[in-house]
2 protein chains.
Amino acid sequence: MARPTPLSGFPEWLPDGRIVEQHVLDTLRRTFELHGFGGIETRAVEPLEQLLRKGETSKEVYVLRRLQEDAEGGQARSSKADKQLGLHFDLTVPFARYVLENAGHLAFPFKRYQIQKVWRGERPQDGRFREFAQADIDVVGAGDLPYHFEVELPLVMAEALGALRDIGVPEVRVLVNNRRVAEGFYRGLGIDAVDDVLRQIDKLDKVGPEKVAALLVAEAGTTPDQAEACLALAAISGSDGTVVDRVRALAADRGVESELLETGLAELGALIEAASTRAPGVVVADLKIARGLDYYTGSVYETLLVGHEQLGSICSGGRYDTLASDGASTYPGVGLSIGVSRLVSRLLSAGLVRATRSVPSAVVVAVSSEETRPASDAVATTLRARGIPVEVAPAAAKFGKQIRYADRRGIPFVWFPGAGTGGDGTVEAEPHPDQVKDIRSGDQVEADAATWAPPAEDLWPRVVPATH
Amino acid sequence: MARPTPLSGFPEWLPDGRIVEQHVLDTLRRTFELHGFGGIETRAVEPLEQLLRKGETSKEVYVLRRLQEDAEGGQARSSKADKQLGLHFDLTVPFARYVLENAGHLAFPFKRYQIQKVWRGERPQDGRFREFAQADIDVVGAGDLPYHFEVELPLVMAEALGALRDIGVPEVRVLVNNRRVAEGFYRGLGIDAVDDVLRQIDKLDKVGPEKVAALLVAEAGTTPDQAEACLALAAISGSDGTVVDRVRALAADRGVESELLETGLAELGALIEAASTRAPGVVVADLKIARGLDYYTGSVYETLLVGHEQLGSICSGGRYDTLASDGASTYPGVGLSIGVSRLVSRLLSAGLVRATRSVPSAVVVAVSSEETRPASDAVATTLRARGIPVEVAPAAAKFGKQIRYADRRGIPFVWFPGAGTGGDGTVEAEPHPDQVKDIRSGDQVEADAATWAPPAEDLWPRVVPATH
């Protein structure tokens with residue numbers, strides 16, 4: 001086998017990078033669980049018809065076939081199209097299916113987190129991956145779902161991402177908007193083609209307000225006055241209650257009266273107010289957020305990494321009035337999804353964080369001869385029983401080489417079993433005590449495997465800001 | 001969307017089952033890390049040519065194609081056969097590829113664990129899954145790999161599985177054999193068709209010794225005497241040094257002299273001896289283990305769950321002299337793989353273990369009116385900051401209903417914020433203290449969110465033997 005090369009779009013990390021990713025995943029999981037979200041996993045595949053139900057061909061689904069089917073020929077395959085399976089491209093479609101399939105066994109409102117890989121056959125460029133990990137939280141109700149969950153969920157995500165600050169993850173800004181505000185305002189202006197307007201507003205960052213004004217008239221059929229009012233709404237942003245006041249003032253100025261707008265403003269105001277207490281400075285209402293408003297029905301969220309805004313949103317989501325429906329019942333939901341691979345890839349490639357070592361072991365137990373390996377194994381067993389990660393040197397090489405083995409992996413301590421310890425692990429009458437060396441400082445001291453422990457910060461590899 | 005039904009062969013767990021699986025995975029991970037194995041993940045896909053390199057069509061590989069490719073027609077696809085991707089059917093092929101791809105960045109011997117899903121398009125029956133989780137450990141050397149790793153790795157797995165005993169996982173027996181013993185013995189008898197003999201010996205449990213004797217003569221070309229000797233070897237098993245003595249006696253009796261046999265017996269003896277100290281009663285030499293000996297080159301391992309032997313091996317592996325090779329270098333390896341889904345599926349379906357509740361939350365904070373929800377949120381925030389998993393009641397329903405919300409999920413405590421706490425979270429001059437109710441006993445006591453904690457056994461859901 002010739003030396004293989006990486007597959008574009010399918011990221012993999014070296015062991016120290018995986019320690020960073022694992023730390024991120026563990027931190028997210030802990031925050032989600034502290035908030036009462038239970039973990040589930042769903043299978044990687046869904047029936048193709050379900051994956052394409054919303055016309056999601058843009059997600060470039062990977063379709064599966066068994067190699068044996070191949071031998072049966074293409075004709076046979078197409079006749080079984082209804083049974084075809086594809087890899088999921090997000091965790092929302094599988095979650096909706098899981099809720100319907102298991103509704104009788106779940107307690108609603110049902111809060112779950114789900115951390116899994118997803119696959120998209122997109123062209124692998126611009127930091128887009130074909131395989132990547134997502135971390136989702138959703139709450140789904142049976143029949144109804146109170147608004148306060150639309151406040152809670154982005155705050156859980158803000159807390160989860162905030163818990164990563166001390167390893168060097170930059171601050172985040174959670175940008176929020178509300179479908180009802182936009183739709184209420186547009187309808188109050190006399191615009192019916194709400195989705196058409198949102199599609200043009202979504203181009204603001206790319207082409208600027210003048211071109212969007214022209215597009216609103218040309219493509220969304222608004223009057224120039226209506227276009228100007230839509231742009232005025234999109235220009236409003238802020239992280240305190242004045243945002244709501246400014247929208248109300250704009251509406252009054254344009255003669256807009258809308259119950260839907262009032263409902264939306266009350267919701268948006270409640271979110272901003274709760275966020276100002278629970279996550280000050282993190283949540284920002286941004287009325288130009290349009291992406292997502294065409295399929296979410298209430299709140300919508302995007303999240304930027306401060307200083308890395310060009311990376312795009314690393315955590316997005318919103319409210320669906322119908323996450324799932326089986327005809328008899330409707331299940332509204334609200335959720336957000338962190339693009340873990342995108343985040344971790346940036347943390348590693350930008351050199352923001354690092355692991356303090358590349359292996360779990362805090363200690364290498366040296367081996368002075370293969371005959372005394374059982375004594376070294378016994379030391380390792382004693383240390384492990386006390387929760388200390390340990391490995392035994394692979395060969396009875398010169399001690400200098402065994403120390404280099406540890407050094408190469410960033411393992412801080414090398415343990416030398418006492419000369420008085422017999423090869424069978426038994427201790428002689430007058431044993432020479434064991435010694436342990438901190439290979440960073442060179443300090444070597446007598447030690448007893450039954451009581452010695454490394455400093456807490458050396459026990460496990462830690463993930464720290466890369467500048468440390 | 002009509003109510004979906006499960007896909008055969010693609011297991012999924014309800015939230016409480018996932019708690020069991022997660023506990024198993026966390027326990028395995030901790031044991032692996034205590035032994036110095038670092039975690040990696042590889043992408044789900046490999047080039048099809050790599051997956052089929054060893055003629056592994058029996059693994060029924062799932063091949064991927066992008067939906068868009070489909071539109072381009074079958075002809076175009078077959079011309080790109082060399083670029084086709086398939087889902088990995090184990091974690092060994094991807095690991096070998098990862099080692100070659102990253103050899104320059106890895107420190108050898110390289111110890112890794114890997115816990116991921118794998119896919120096989122087999123007919124989903126007999127407890128075989130099409131998607132399942134595996135937990136693998138392997139050590140790979142550059143150029144050489146000392147024998148002692150063949151002793152260490154099954155003991156790590158025995159320890160990992162043993163750490164699950166207290167949740168109700170049955171005892172395990174690790175059955176070991178050694179290619180060198182079988183091959184040395186057969187060659188010493190004058191048999192060259194070693195793999196042919198092993199294939200027949202593998203049928204012992206199914207068809208019995210008489211039929212295997214006939215098959216050895218008919219299919220493997222042995223003499224009746226040779227066949228009888230092969231069966232005598234296969235009949236030897238035991239967990240102490242007498243196994244080695246009995247094989248030696250048999251060899252002497254049949255006039256077998258073989259250096260290879262002596263090497264194999266020394267290795268097998270060392271493994272049995274180390275195991276008798278480090279995992280007494282767990283490791284059993286079983287000379288009839290043949291499956292695997294045709295592709296492993298040294299030790300081979302299978303693991304049975306005592307009382308569930310018909311489930312087959314839940315943890316198998318062995319030694320490869322060439323796990324990977326890039327022409328310039330050869331990388332020998334030894335490893336084992338736990339079939340996590342098979343194990344967890346049995347634990348759940350046989351009712352051996354259960355989670356003490358179906359959600360992470362230890363506490364539900366009640367809400368007396370939507371106006372005072374912020375006060376309930378503040379209590380939850382205080383408890384969570386102290387590491388206590390908490391959720392806030394979804395609606396300001398009657399307290400009886402809020403208690404039922406907790407009861408339905410197995411959440412042991414309901415917290416009632418004091419009447420003197422203002423809706424904005426501020427505390428009035430003479431607040432009524434908060435109270436917390438253990439809904440199992442009905443006991444209700446005054447409590448302060450800054451100091452109260454649940455009993456340690458109630459803090460997180462635990463996984464326990466189902467009979468408790």
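Heavy atoms only: backbone and side chains are in, while hydrogens, waters and symmetry mates are out. Within every chain, numbering begins at 1; the chains are lettered A, B, ... in the order of the sequence lines, protein sequences first and strands thereafter.
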- Salt-bridge criterion met for A:R97 and A:E46 (N-O under 4.0 Å): yes

- Against chain B, label A:D16 side chain, backbone, both or neither, depending on which of its atoms sit under 4.5 Å from a heavy atom there. neither

- Can you list the steps and then say if A:Y113 with A:F32 is a ring-ring contact (aromatic ring centres under 6.0 Å, His included)? CA-CA 7 Å; A:Y113 73 89; A:F32 299 159; 5.7 Å; yes

- Part of A:D26 within contact of chain B (heavy atom distance under 4.5 Å): side chain

- With the threshold set at 4.0 Å, does a side-chain nitrogen-carboxylate oxygen contact exist between B:R384 and A:E33? no

- Using non-hydrogen atoms and a 4.5 Å limit, figure out which bit of A:I411 sits close to chain B: side chain, backbone, both or neither. neither

- Message: Which one wins on heavy-atom pair count under 4.5 Å against chain A: B:T277, B:V363, B:L34?
- Response: B:L34

- Among B:N102, B:V392, B:L7, B:T31, single out the residue with the greatest number of heavy-atom pairs under 4.5 Å to chain A. B:L7

- Query: What part of A:R29 gets closer than 4.5 Å to chain B, counting heavy atoms only: side chain, backbone, both or neither?
  - Reply: side chain

- Query: Given the options B:I19, B:T381, B:V359, B:L106, which has more heavy-atom pairs under 4.5 Å with chain A than any of the others?
  - Reply: B:L106

- Side chain from CB out, backbone as N, CA, C, O: work out which of these in A:P461 comes under 4.5 Å of a heavy atom of chain B, or both, or neither. neither

- Task: May I ask you to check whether over 12 heavy atoms, not counting those of B:E273, lie within 6.0 Å of atom CD?
- Result: no

- Identify whether the distance between the nearest side-chain nitrogen and carboxylate oxygen of A:E60 and A:R120 falls below 4.0 Å. no

- Scored by heavy-atom pairs under 4.5 Å with chain A, the best of B:E159, B:R112, B:R278 is B:R278

- Query: Where does A:E41 contact chain B at under 4.5 Å (heavy atoms): side chain, backbone, both or neither?
  - Reply: both

- Query: Is it the side chain or the backbone of A:S358 that comes within 4.5 Å of chain B heavy atoms, both, or neither?
  - Reply: neither

- Query: Of the non-hydrogen atoms in B:V140 and B:F108, which two are nearest, and what is the gap between them?
  - Reply: O-CD2, 3.5 Å

- A:R386 atom CZ, over 12 foreign heavy atoms within 6.0 Å: yes

- Query: Salt bridge check: are A:R18 and A:E21 linked by an N-O gap of less than 4.0 Å?
  - Reply: yes

